[in-house]
Amino acid sequence: MDIKRNCAKAALKYIENGTMIGLGGGSTIAHLIRFIKEEQLDIKVVTPSWETKQKCEEAGLTVIPLSEATEVEVAFDGCDQVDEHLHALKSGGGIHTDEKLVARMAKEYILLVDESKVVKELTYEHPVVLEVIPQALAFVMNQRLDAERGEIRMSSDKDGPVMTDRGNLLLDVYVQGSQDGVRLEERLKGLAGVLDVSLFTSVVTGVVVADESGIREMTKR
Ligand code: 5RP
């Protein structure tokens with residue numbers, strides 16, 4: 001049984017013909033693109049992900065540049081972990097600034113996950129990622145980050161750091177223990193020179209959770 005595939009299939013019911021939808025990155029979203037193609041849904045897509053854009057175009061879907069979008073009906077995304085308050089930690093892909101922009105444009109922002117990603121409270125076993133303008137890196141690293149360490153994300157394919165599409169750097173912040181996610185997001189995002197952070201505490205409206213036994217949904221209470 002392919003759990004991610006089942007999860008993507010369960011997302012179809014949220015999509016209405018004639019609308020613009022947001023699609024994030026990852027393997028579950030890739031399944032959803034295949035279903036959208038199979039069902040021949042008449043939708044336009046906005047995406048923060050280069051890979052998703054390629055997959056959508058291969059599937060014959062119309063992709064609208066993010067810079068031209070103002071509102072999307074529903075956006076789907078993956079995450080690394082989500083908790084019962086619908087606080088999510090994202091972005092191994094380092095595209096969280098644009099992912100959060102799409103989330104803010106969306107009337108509904110729905111995460112597609114398998115049960116292993118759902119926890120009672122975020123455990124921060126994945127780092128919180130900060131997109132930082134290069135000029136602010138030393139300043140940001142010098143702040144008390146509630147972290148054991150902040151590590152500049154280095155490229156495995158070239159000498160030097162990973163640069164975002166805007167020429168910024170990614171700082172992986174390893175947060176210690178349990179934290180008030182809302183305050184942590186506010187504080188890290190509030191540092192001068194930080195564009196956005198990969199902690200999403202106020203934008204998720206729903207989660208589709210799949211496991212061996214089926215599908216369940218979590219919504220904002
Ligand atoms: C990374 C993400 C991705 O969206 C997520 O990892 C995709 O997961 P999957 O491949 O399981 O759908 O936010 O931080």
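Residues take their numbers from the sequence shown, with the count starting at 1. In each ligand, atom 1 is the first atom listed, and ligand 1 is the first ligand listed.
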> Under a 4.0 Å heavy-atom limit, does Cys79 contact ligand 1 with its side chain, its backbone, both, or neither?
Replying inline: backbone
> Just wondering, more than 12 heavy atoms not from Lys158 lying within 6.0 Å of its NZ?
Replying inline: yes
> Taking the non-hydrogen atoms of Gly92, is any one of them nearer than 4.0 angstrom to ligand 1?
Replying inline: yes
> Which residue owns the protein heavy atom closest to atom 14 (O) of ligand 1, what's the atom, and how far is it?
Replying inline: Ser91 N, 2.2 Å
> In this structure, which one of Leu130, Leu199, Val129 forms a side-chain contact (heavy atoms from CB on, under 4.5 Å) with Leu188?
Replying inline: Leu130
> Which residue owns the protein heavy atom closest to atom 11 (O) of ligand 1, what's the atom, and how far is it?
Replying inline: Lys4 NZ, 2.5 Å
> Against heavy atoms of Asp77, which atoms of ligand 1 measure under 4.0 Å?
Replying inline: 4 (O)
> Is it the side chain, the backbone, both or neither of Leu89 that has a heavy atom closer than 4.0 Å to ligand 1?
Replying inline: neither
> Got the closest protein heavy atom to atom 13 (O) of ligand 1, with its distance?
Replying inline: Lys90 NZ, 2.7 Å
> Considering Gly25, Ala8, Gly26, Cys7, which one's heavy-atom position lies nearest to atom 4 (O) of ligand 1?
Replying inline: Gly25
>> If I apply the N/O under 3.5 Å rule, does Ser27 come out as touching ligand 1?
In response: yes
>> Main chain of Leu23, side chain of Thr52: is a donor-acceptor contact present, judged purely on distance under 3.5 Å?
In response: no
> Heavy-atom contact under 4.0 Å between Lys117 and ligand 1?
Replying inline: yes
> Ser202 and Arg104: side-chain donor and acceptor closer than 3.5 Å?
Replying inline: yes
>> Could you identify the single nearest non-hydrogen protein atom to atom 12 (O) of ligand 1 and state the distance to 0.1 Å?
In response: Thr28 OG1, 2.6 Å
> So, are Lys13 and Glu217 salt-bridged, with charged N and O less than 4.0 Å apart?
Replying inline: yes
>> Taking distance alone, with N or O pairs closer than 3.5 Å, would you say Ile29 contacts ligand 1?
In response: no
> To the nearest 0.1 Å, how far is atom 6 (O) of ligand 1 from its closest protein heavy atom, and which atom is that?
Replying inline: Asp80 OD1, 3.5 Å
>> Is any side-chain heavy atom of Val132 closer than 4.5 Å to one of Leu170?
In response: no
